[in-house]
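Quick note on labels: first sequence line is chain A, next is B, and so on, each numbered from 1.
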There are 2 protein chains.
Amino acid sequence: MPASPLFRRIDVAPAYQKVADAIEREIVSGRIKPGDPIGTELELVRQFGVNRSTVREGIRVLEEGGLLRRDSSRRLQACLPRYNKLATRLSRALVLHEVTFRELFEVSLTLEIASTECAVERATEEDIAELADNLARSEQVIADPAALAECDADFHVLLAKASHNRVLQLAREPAAQLFFPTTEMIVSHVAQGASRLVEAHRHLLEAIRRRDKAAGVQWTRRHLQDWRRGFERIASLDRSVEHMYMEHAQAVRRK
Amino acid sequence: MPASPLFRRIDVAPAYQKVADAIEREIVSGRIKPGDPIGTELELVRQFGVNRSTVREGIRVLEEGGLLRRDSSRRLQACLPRYNKLATRLSRALVLHEVTFRELFEVSLTLEIASTECAVERATEEDIAELADNLARSEQVIADPAALAECDADFHVLLAKASHNRVLQLAREPAAQLFFPTTEMIVSHVAQGASRLVEAHRHLLEAIRRRDKAAGVQWTRRHLQDWRRGFERIASLDRSVEHMYMEHAQAVRRK
DNA sequence: TTTATCAGTTTGTCGGACAAAGTAGATTTG
DNA sequence: CAAATCTACTTTGTCCGACAAACTGATAAA
C-alpha cells in the first residue's frame, strides 16, 4: 500500500501529444465541427509555439485516429471518424490476437439476429428497396462465387442499416469483415451453397416486408448455420482467422 | 463506363505512409512478432533511406494504430493492439456520431445476454472466483455510488472474460464504455438502485455457478432493465451520449 | 557493495531549407 | 466582356543538421 502521495503526478507528455490532445479536445467537445478547417501547419506552429515537425507528428496521430483529414487541396479539416476505417483496425486486432472462427461465428450469429429483429421492426420502404435490389443482383450473379460473396456481405450491411441502430452497425462490422470473406470459399466448394444463400436472403427480405420477426430470426439463423456447416466441411471452426484475412484486407484497402 | 485502363494506378503515397505500411506489413504478416524490437529511429532511417522526420511521422501513425509502442526506455517494439485503446476510439466515434442511449441500450442488452450465455457454459473456477471477489467488493462499497459504478463496470468486463470469446469481449467494449458511466448517476439518484444492482449481480453469479442459463439470462435482462428504468427517470433514452462521455474518457486516459 | 562519474546512444525538439503542387490575382487573347 | 494563360505566393512533403534531456553501460570511488 503506497503512502498517500504528496505531489500530484506531473504531466510530462511530449509536445506532439499535447498538440494532438489540444486539437482533439476542440473537436470532441464540439467547438470545432466536422468539416471545419483547422488551419495551415504554419498557423498551428504559431498558435502552439512549437516547431512544424512537432505539429506534423501531432497531426499524424489525429489523422490516423480519424479526427482529422486533408481535403482535396490537402488542407486540414476536422471530420467524423468513419466506421469503416475503425472497423478495419479492429479486424486487424482480431487477426493478431488469433481469434478463431468459432468465436467469430458466435458473435456474428448474435449480432445478425439482433440486426434482423430491429430491421423487421424499423425497415423503411427505402431500406426494403435496397435489399430487394441487392437480392436481384445476387440472383444474377448466382454462378459467380466472388460476386455473390460480395453481394452477401452487402446484404448484411444493408440489413444492419435497416436496423437504424448505428451502434449495432458499428459493433457487427469488425466481425463481419472477417466472417464474410469466407463466403466465397464456401459458395464455391459446397454444392447448392449459392442457391441456399440466395433463398435465405429471399425469405429474410420477405419476413421483413411482412414484419414477421419470428420468420426473420429463423431464416437468419438458418442462413448462418448454413455458413457454419459449409465452413466445417472445409476447415475447423477452431482455426484462427489469420489466413483468410490478409488478401481481403489488401483488397479492401485498395478501393 | 470507363474504357479499360491502359496503365495501373500509380502509387503516390507519401513517404511516411509507405514507411508505416512497410512496418505494418511485417507485423501483421507475423514476420515481426509482438514484443520484438523494431530498431532505433536511426536504423529505420538507414533501412528506408528517408529522413528521420519522415520515419517519425510513420512511427506516430503506427503508434496510434496500436501496432507499435515504446518500451520502458522508449525503444520501439511491435505489440498487439490493445482492445481497450481501440474501444476508446470507437467510443469517441459513437459520441461524435451522436448516437442515443436507446441505440446503446439495445446493443448492450444483446451483447450482455450473449456474454452471460457463454459465461454460464464456460466460466472456469477462476472466472467465478474473480466474479465472487468483485461481488464482495460491491457489497462493501454499496453506499458509494462512484465505487459501486466502477465495480459494476468491472463485473461486466469479467463476465465477458468468462465467456472466453475474445470477439465478444471486444464487441461489447465500445458500447459498455459509454453505457456504464451512467451507472453512477443512476445509483445515486434512484432509491434502492444500489441494492438492486448488487442483488442482480449476486443472482447472476449464482446462475453461472449452477450453470443455469435461463436464470442467468433472466437476471441479466432484469439488471439492464433496471438500468433503463433508472435512466429514464433522469433523462430521455433518445438523448445523445455526448455529455456523459467527456469526463469519463478523461478519467480512463489518465490511468 | 553501493554510489558517483562519465562517455556514448537515442529520443524529442528545433531552425532552416527546397521542390512540387495548389491558389489566386494579374495579364493576355479571342 | 469572357476565357485562357501566366506569374507570384502559399502550403505541403521531405530533407539536413543541430542540441538538450534521458537512458545505457561501464568504470571509478567510497
Side-chain angles (χ1 to χ4, degrees), chain A residues 7-27 32 34-79 85 253, chain B residues 7 9-27 32 34-79 85 253-254:
Chain A
F7 297 106
R8 178 176 300 272
R9 167 161 202 159
I10 180 167
D11 180 19
V12 287
Y16 71 86
Q17 189 66 56
K18 288 189 182 172
V19 168
D21 286 347
I23 298 176
E24 170 175 344
R25 257 197 308 283
E26 293 303 299
I27 296 177
I32 298 179
D36 286 358
I38 300 297
T40 69
E41 294 179 2
L42 204 58
E43 279 172 311
L44 294 175
V45 165
R46 276 195 286 264
Q47 291 181 44
F48 289 114
V50 298
N51 190 271
R52 191 155 79 97
S53 307
T54 307
V55 167
R56 281 175 64 84
E57 288 188 36
I59 287 171
R60 291 283 104 77
V61 170
L62 294 175
E63 240 174 343
E64 179 64 11
L67 282 171
L68 234 54
R69 56 187 290 256
R70 311 198 89 115
D71 66 12
S72 59
S73 70
R74 311 220 136 143
R75 275 176 178 71
L76 291 167
Q77 68 178 207
C79 74
K85 183 174 179 185
R253 185 169 318 163
Chain B
F7 298 105
R9 181 176 182 139
I10 179 167
D11 181 17
V12 287
Y16 71 87
Q17 189 65 56
K18 288 189 184 173
V19 168
D21 286 348
I23 298 176
E24 170 175 343
R25 257 198 307 282
E26 294 302 298
I27 296 176
I32 298 179
D36 286 358
I38 299 297
T40 69
E41 295 179 0
L42 204 59
E43 279 173 310
L44 294 176
V45 165
R46 278 194 285 265
Q47 290 181 42
F48 288 114
V50 299
N51 190 270
R52 191 157 79 98
S53 307
T54 307
V55 167
R56 281 174 64 84
E57 288 188 37
I59 288 171
R60 291 284 105 75
V61 170
L62 293 176
E63 241 175 342
E64 178 65 10
L67 282 170
L68 235 53
R69 56 187 291 255
R70 313 198 87 116
D71 65 14
S72 59
S73 71
R74 311 215 143 147
R75 276 175 178 70
L76 291 168
Q77 67 178 207
C79 75
K85 183 172 178 187
R253 184 169 319 162
R254 208 151 282 145

*Separation of atom CD in B/E41 from atom C1' in D/dC15, rounded to whole Å*: 15 Å

*Per B/R74 side chain, nearest of listed nucleotides C/dG15, D/dG13, C/dG12*: C/dG12

*In terms of side-chain heavy atoms of B/T40, which of C/dG12, C/dT11, D/dT14 is nearest?*
C/dT11

*Euclidean distance, A/I38 CD1 relative to A/I59 CD1, rounded to 0.5 Å*: 9.0 Å

*Between A/R56 and A/E41, does at least one N-O distance fall below 4.0 Å, as a salt bridge requires?*
yes

*Are B/R56 and C/dG12 close enough that a side-chain N or O sits under 4.0 Å from OP1 or OP2?*
yes

*Calculate the interatomic distance between B/R70 atom CZ and C/dT10 atom P; express it in whole Å.*
12 Å

*When the distance from NZ of B/K18 to P of D/dT14 is rounded to whole Å, what number comes out?*
9 Å

*Does any N or O donor sit under 3.5 Å from an N or O acceptor when you compare the side chain of B/R52 with the base of C/dG12?*
yes

*Can you check whether B/T54's main-chain N or O pairs, donor with acceptor, with B/E57's side chain at less than 3.5 Å?*
no

*Atom CD1 of B/I59 and atom P of C/dT10: how far apart are they, to the nearest Å?*
13 Å

*Gap between atoms CG and C1', on A/D71 and D/dT11 respectively (whole Å)*: 12 Å

_Length of the CZ-P vector between A/F48 and C/dC14, whole Å_ = 13 Å

*asked:* I want to check one thing: is the phosphate of D/dC15, taken as OP1 and OP2, less than 4.0 Å away from some side-chain N or O of B/T54?
replied: yes

*Take the protein atom CG of B/N51 and the nucleotide atom P of C/dC14, then report the distance between them rounded to whole Å.*
16 Å

_Looking at B/R46 and B/E43, is there a salt bridge between them, counting it only when a charged N and a carboxylate O are closer than 4.0 Å?_
no

*Taking the nucleotide of DNA chain C with the closest heavy atom to each, which residue, B/L76 or A/V50, is nearer the 5' end?*
B/L76

_Check this for me: does the side-chain of A/R75 come within 3.5 Å of the base of C/dT23 through a donor and an acceptor?_
no

*Rounded distance [0.5 Å steps], SG in B/C79 versus CZ in B/R70*: 12.0 Å

*Measure from CG on A/L42 to P on C/dG16 and round the result to the nearest Å.*
12 Å

*Take A/G49 and B/E43, find for each the nucleotide of DNA chain C with the closest heavy atom, and name the residue whose nucleotide sits nearer the 5' end.*
B/E43

